[in-house]
Amino acid sequence: MDSKKIVYAALAALIAIALIVLLIKIVSGAFTLLNGTFNTIIGLIVIIALVVIVIWMFRYASKH
């Protein structure tokens, strides 16, 4: 009877460890996705700013 309890306890521990590892991987993936999204947004803002600066330069040049 004791050997079954040990086997069940070992299986429960393995399942708990597997769930913790899975949770860590999911959270890590979420942070990676969030970081990629943040970098994409910053890149788009920089591109838009450059386009606005170029348009402003051409308008300024056409007036002077």
Side-chain angles (χ1 to χ4, degrees):
M1 202 65 160
D2 283 334
S3 63
K4 285 185 180 181
K5 286 183 181 179
I6 292 173
V7 170
Y8 289 142
L11 284 175
L14 285 175
I15 290 172
I17 290 170
L19 288 175
I20 290 171
V21 169
L22 182 64
L23 181 66
I24 289 171
K25 286 186 181 267
I26 289 173
V27 170
S28 173
F31 280 121
T32 302
L33 183 65
L34 186 64
N35 188 24
T37 303
F38 181 70
N39 287 339
T40 302
I41 291 171
I42 296 244
L44 287 174
I45 290 172
V46 168
I47 290 170
I48 291 169
L50 289 173
V51 168
V52 168
I53 289 170
V54 169
I55 290 171
W56 174 80
M57 285 178 10
F58 278 117
R59 285 189 180 172
Y60 184 81
S62 68
K63 288 181 183 178
H64 293 88

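The analysis underlying the following values was restricted to heavy atoms, covering all of them including side chains, and did not include hydrogens, waters or symmetry mates.
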Side-chain donor-acceptor distances from residues 48-64 under 3.5 Å, at least two apart:
| from | atom 1 | to | atom 2 | distance (Å) |
| --- | --- | --- | --- | --- |
| S62 | OG | F58 | O | 3.4 |
| S62 | OG | R59 | O | 2.8 |
| H64 | ND1 | Y60 | O | 3.1 |

Review item, side-chain donor-acceptor pairs of residues 6-34, under 3.5 Å, at least two apart:
| from | atom 1 | to | atom 2 | distance (Å) |
| --- | --- | --- | --- | --- |
| T32 | OG1 | S28 | O | 2.9 |

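For the atom pair CG of N35 and CG of N39, the computed distance is 4.5 Å after rounding to the nearest 0.5 Å.
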